[in-house]
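Everything below concerns the one structure shown next.
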Amino acid sequence: MRIGRISCIYDGTALLPVSVQASTNLRSAVWSSVTNTAIGAAGTVDVRDPESTAHAARFYRFVWP
């Protein structure tokens, strides 16, 4: 993983829309939106998070509409 960038590989439907959200606490009810994107043709999601370096830990979740 490069600093400020996360990448995930999925087995699933290409071009499926997805929202990527982040939080510094898994138990938090507050998650901020990082990006809205779609799963690529190869089943990958490539996300840049410029805020990642400002936190000691950062957790991500992927939300489908």
Side-chain angles (χ1 to χ4, degrees):
M1 178 168 105
R2 294 183 203 151
I3 294 174
R5 189 173 184 178
I6 64 170
S7 184
C8 297
I9 299 173
Y10 292 96
D11 287 325
T13 306
L15 306 179
L16 184 70
V18 62
S19 175
V20 181
Q21 300 173 343
S23 179
T24 57
N25 183 338
L26 287 173
R27 293 183 181 199
S28 176
V30 178
W31 287 78
S32 59
S33 179
V34 175
T35 190
N36 292 314
T37 189
I39 297 174
T44 61
V45 176
D46 191 21
V47 177
R48 291 192 172 100
D49 180 10
E51 294 293 321
S52 66
T53 58
H55 306 281
R58 192 117 154 120
F59 303 96
Y60 298 91
R61 69 181 181 185
F62 295 78
V63 181
W64 285 266

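Not measured: the values here are computed from a predicted model. Numbering of residues begins at 1 and proceeds along the displayed sequence.
- Residue pairs meeting the salt bridge (Lys or Arg N to Asp or Glu O under 4.0 Å) criterion with at least one member in residues 33-42: none, sequence neighbours excluded.
- Gln21 pairs by the side-chain hydrogen bond (donor to acceptor under 3.5 Å, both in side chains) definition with Arg61, not counting sequence neighbours.
- Distance check: Trp64 CH2 to Ile39 CD1 gives 5.5 Å after rounding to the nearest 0.5 Å.
- Partners of Tyr60 by ring pair (Phe, Tyr, Trp, His ring centres under 6.0 Å), not counting sequence neighbours: none found.
- A search for side-chain hydrogen bond (donor to acceptor under 3.5 Å, both in side chains) contacts involving Asn36 returns Ser19, not counting sequence neighbours.
- Nearest heavy atoms, His55 versus Thr24: ND1-CG2, 3.4 Å.
- In this structure, Ser23 and Asn25 approach most closely via the heavy-atom pair OG-O, 3.0 Å.
- Taking the salt bridge (charged side-chain N to carboxylate O under 4.0 Å, His left out) definition, one finds that Arg58 meets it with Asp49, sequence neighbours left out.
- Shown here are the side-chain hydrogen bond (donor to acceptor under 3.5 Å, both in side chains) partners of Thr37, two or more places apart in sequence or in another chain: there are none.
- Pairs passing the salt bridge (Lys or Arg N to Asp or Glu O under 4.0 Å) check and including a residue from residues 21-40, sequence neighbours excluded, do not occur.
- Hydrophobic cluster membership differs between Val34 and Val63, with clusters built from Ile, Leu, Val, Met, Phe, Trp and Tyr side chains linked at under 4.5 angstrom.
- By the side chain to side chain contact (heavy atoms under 4.5 Å, CB included) test, Leu26 pairs with Trp31, Phe59, sequence neighbours left out.
- Hydrophobic clustering, with ILVMFWY side chains joined whenever heavy atoms are under 4.5 angstrom apart, groups Val20 together with Leu16.
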